[in-house]
Amino acid sequence: MVIAETEPPETSFRHIDGRNRPSSCSAVIDVALMTVSPRFIPLDSGYESAVEEKLWQEKRAFIKPLRYDGEEDVFRDFVLKDVAGMDALSMEVYAMNTPEYLLRKQEKTSHYESEYGPGRWWSWNAAEKTDMAVFPSV
């Protein structure tokens, strides 16, 4: 998806085929790109795209938190909303294996384990090229 910020458009008239026709033009100030799914869900990686596609194919109820919505130290990739007995199940896609990222992965894993408990959140270690973990049952 592309979003552009422009100056206010200026309209002028051009004489074409014997008629005055309006023509608008504006200068672009800034442009931003965002990767989104076909359902306009913002995505941070191809791995997130695979998770979103599978969630959609399975007709699961989920949300994708937006970065500006979160105030916590740990930002969840997805939240599954249709797991029996749970209001929300955090989902995390680990997509890199740099030293900094692995340290952050440990922090996130510790947070999820202490906040939700073992087995009460979902993750996929895509950086190790493993198959996607099965989603929790509805």
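Heavy-atom basis, side chains included; hydrogens, waters and symmetry copies ignored. Note that this is a predicted model, so its numbers are computed, not measured.
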Is there a donor-acceptor pair closer than 3.5 Å between any side-chain N or O of [X] and the backbone N or O of [Y]?
{"X": "Tyr112", "Y": "Trp122", "value": "no"}
{"X": "Asp82", "Y": "Val138", "value": "no"}
{"X": "Thr130", "Y": "Ala126", "value": "no"}

Quick one: pull up [atom1] in [X] and [atom2] in [Y] and give me the separation to the nearest 0.5 Å.
{"X": "Asp77", "Y": "Glu52", "atom1": "CG", "atom2": "CD", "answer": "12.5 Å"}
{"X": "Asp17", "Y": "His15", "atom1": "CG", "atom2": "NE2", "answer": "8.5 Å"}
{"X": "Asn125", "Y": "Thr109", "atom1": "CG", "atom2": "OG1", "answer": "9.0 Å"}
{"X": "Leu80", "Y": "Asp87", "atom1": "CG", "atom2": "CG", "answer": "12.5 Å"}
{"X": "Gln57", "Y": "Leu55", "atom1": "CD", "atom2": "CG", "answer": "10.5 Å"}
{"X": "Ser24", "Y": "Phe13", "atom1": "OG", "atom2": "CZ", "answer": "8.5 Å"}

Check whether any side-chain heavy atom of [X] sits under 4.5 Å from a side-chain heavy atom of [Y], and report yes or no.
{"X": "Val83", "Y": "Arg60", "answer": "yes"}
{"X": "Thr35", "Y": "Met1", "answer": "no"}
{"X": "Val2", "Y": "Val31", "answer": "yes"}
{"X": "Glu58", "Y": "Phe135", "answer": "yes"}
{"X": "Phe78", "Y": "Ile63", "answer": "no"}
{"X": "Pro42", "Y": "Met34", "answer": "yes"}
{"X": "Glu113", "Y": "Trp121", "answer": "yes"}

Near [X] [atom1], under 6.0 Å, is it more than 12 heavy atoms from other residues, nucleotides or ligands?
{"X": "Met132", "atom1": "CE", "answer": "yes"}
{"X": "Ile29", "atom1": "CD1", "answer": "yes"}
{"X": "Asn20", "atom1": "CG", "answer": "yes"}

Write down the atom of [X], the atom of [Y], and the distance for their closest heavy-atom approach.
{"X": "Ile16", "Y": "Arg21", "value": "O-NE, 3.7 Å"}
{"X": "Ser37", "Y": "Leu43", "value": "N-CD1, 3.7 Å"}
{"X": "Tyr101", "Y": "Ala95", "value": "OH-N, 3.0 Å"}

Candidate pair Val74 and Lys108, rule side-chain contact (heavy atoms from CB on, under 4.5 Å), full reasoning: CA-CA 6 Å; Val74 174; Lys108 285 180 147 186; 4.1 Å; yes
Val28/Glu5 under side-chain contact (heavy atoms from CB on, under 4.5 Å): CA gap, chis, key distance, verdict: CA-CA 6 Å; Val28 175; Glu5 178 184 9; over 6 Å; no
Tell me whether [X] is salt-bridged to [Y], with the criterion being a basic N under 4.0 Å from an acidic carboxylate O.
{"X": "Arg76", "Y": "Glu92", "value": "no"}
{"X": "Glu53", "Y": "Arg39", "value": "yes"}
{"X": "Glu115", "Y": "Arg120", "value": "no"}

Cationic tip of Lys81 above Phe62 ring, under 6.0 Å, 45° of axis: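 The answer is no, since Lys81 fails at least one limit relative to Phe62.
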Side-chain donor-acceptor pair present, Glu7, Ser26, cut-off under 3.5 Å: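 Absent: no donor and acceptor within the cut-off.
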Ser123/Tyr94 under side-chain contact (heavy atoms from CB on, under 4.5 Å): CA gap, chis, key distance, verdict: CA-CA 7 Å; Ser123 68; Tyr94 298 116; 3.8 Å; yes
Derivation of the side-chain contact (heavy atoms from CB on, under 4.5 Å) call for Val79 and Lys64: CA-CA 6 Å; Val79 179; Lys64 170 75 168 140; over 6 Å; no
